[in-house]
Amino acid sequence: MLDIALFRNDKDFKKLLESEKNRFRETKNAEETKKYDELWKKAKQTCEEKKAEKNKITKEIAELAKNKKPIDQLKEKSKKIDTEIKDLEQKQIEYLKSRDKYRSEVGNILWHNTTIGQGEENNHLIKCCGKAKVQKSHIKQFKTLSGGKMQFEELKFNPKSHVDIGLEKDLFDLERAAKISGSRFYFLKNKLAILHLSILRFAIDKLMKKGFNFMYTPFIVNKDTIEKTAELSDFEEMLYKVGNDQFLIATAEQTLAGFHMDELIPKDSLPLKYVGLSSCFRREAGSHTKDTRGIFRVHQFDKVEQYIFCLPEDSEKIHNEMIKNEEEIIQELELPYRLMDICSSDLNLTAAKKNDLEAWMPVQGTFRELGSGSITTDYQTRNLNIKYEDKNEKFVVHSLNCTILASPRILTAIIENHQTKEGKINIPKALWLYTGFKEI
RNA sequence: GCAGGGAUGGCGGAGUGGUUAACGCGUUAGACUGCUAAUCUAAACUCCGAAAGGAGGCGAGGGUUCGAAUCCCUCUUCCUGCGCCA
């Protein structure tokens, strides 16, 4: 959540309200936060005055007891104050709870160059990369979606969807998965399962070469951690609860963010760069009709994720680096993609800025998200209490996250883009060493 | 799973019911001497407050007490031993 100081200072509060308006959100959360903060402060003050009074009496008793003098009268007085304190304390706690409930619903302050706009159609196209294979009937739409900036060649055959190819070539089993687990589950089979493993390892090796620490993280976190790393809406739509108070992670971002919880990080060790591998679990509630066929949108997948802790002034530079890392990987997988700046209304609360990388899908005739990277400033790290020290003063570190790739989603892009007229799937050269085969 | 022992500042570590959580290391600032070394002095948990000041803090949450790091209960977590196990 945001620094409470931003709500107290008029100038900052104005900026904050403007940011909320630019997100096309009501300013009620911010206003209620401010209101309850003031109530809390007042209640706290009166409560502390009572406590001070009581502490004074306690000290007097200690003095009397030392000299073996009677203390009964003061004891009575102290007990009386106690009941008053209890009431005041109750009030104080309630105000603080309300304050932070509203505060957690205020979005991060938008980054200076975040695209302001409402609705997906206002996302801003940053760049295109690669050469797309486009069916004749999709050319017009392709040109619009790529802003006319992307190279393409017309497909000379009718491409098959990843679902058809997968079933034809016995690369996954969806029916049996549905029978034993439910919809949106899958068995990956044979060479496709190998490709899945290969692609993860390929990505991890690449990032380790860039100096990232590789982390294979837990898949389950406790309530405390999930509350500090997820947003309220995630609990309703995304997260699986297991056991009493534990949750399956929806992304390694949650474990990596929590890795340094309650730590004071030496300034000169920043930035701390992590690349995590984990399975991810998502309920996908509220997306019942979307992408139901195949392995594009599933309840369980594996993801390689970058997560970096850094100094506030380095956020933007590092964000760009992380996006570049993602791009490099997708380029080596020879997938045509576009990079989008997500507009303000479509940002999650944590993100001040978010860029999505979307691959061209020749069968659907549209771009689909492969991953995204966000500037989150100190929004998560404040909850997690991760600080660094500079000249004996403590500051909250900043953090950023960015996908490298998620599989099996990326497999759908590979299958559809790299299929040949003869019905084969070409494996990108970069993966040969890992797969041990060049085509499926 | 069972039994025993722990959890105190950035780190190490004392403190077994009474006013201000000792001490050491490291950090920062200042002084001093050719010096960034040594030495000396000071500062540094969190919250409210412009400040003066006040409140809360010893893994978390409760309780006993005028008063709890210290006593009691529940939980979390770590260590040791035993058991089980891919």
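If you're wondering where the values come from, they're calculated on a predicted model, not measured in any experiment. To find a chain, count down the sequence lines: A is the first, B the second, and so on, and within it residues start at 1.
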Enquirer: Which atom pair, heavy atoms only, marks the closest approach of A/R103 to A/D3?
Expert: NH1-C, 3.9 Å

Enquirer: Start at the 5' end of RNA chain B and walk down; is the nucleotide closest to A/K387 or to A/E49 reached first?
Expert: A/K387

Enquirer: Considering every strand and a 4.0 Å limit on heavy-atom distances, what is the contact class for A/K51: base, sugar-phosphate, or nothing?
Expert: sugar-phosphate

Enquirer: Of all heavy-atom pairs between A/S278 and A/I249, which one has the smallest distance, and what is that distance?
Expert: OG-CD1, 3.4 Å

Enquirer: Could you give the CD1-to-C1' distance, from A/I93 to B/G62, as a whole number of Å?
Expert: 12 Å

Enquirer: What residue pairs, at least two apart or across chains, pass side chain to side chain donor-acceptor pair (under 3.5 Å) with a residue in residues 325-335 of chain A?
Expert: A/K127-A/E327, A/K206-A/E332, A/K210-A/E328, A/Q306-A/N325, A/E327-A/Y337, A/Q331-A/Y337

Enquirer: Can you see if the side chain of A/K77 gets near the phosphate of B/C66 - specifically, an N or O under 4.0 Å from OP1 or OP2?
Expert: no

Enquirer: Do the rings of A/F309 and A/H260 sit parallel, tilted or perpendicular, given the 30° and 60° boundaries?
Expert: perpendicular

Enquirer: Side-chain N or O of A/N55 versus OP1/OP2 of B/G67: is the shortest distance under 4.0 Å?
Expert: no

Enquirer: Side-chain N or O of A/K59 versus OP1/OP2 of B/U20: is the shortest distance under 4.0 Å?
Expert: yes

Enquirer: Using the side chain to side chain contact (heavy atoms under 4.5 Å, CB included) criterion, which residues pair with A/K34? Sequence neighbours excluded.
Expert: A/D10, A/F13, A/E38

Enquirer: Determine the interatomic distance between C1' on B/C45 and the same-named atom on B/U27; round to the nearest Å.
Expert: 15 Å

Enquirer: Less than 4.0 angstrom between a side-chain N/O of A/K79 and OP1 or OP2 of B/C66, yes or no?
Expert: yes

Enquirer: So what's the dot-bracket for RNA chain B: Watson-Crick or G-U pairs under 3.5 Å, [ ] if a pair crosses, | if it pairs off-strand?
Expert: ((((((((.[[[..)..(....]]].(((((.......))))).((((....))))..[[[[[..)....]]]]])))))))....

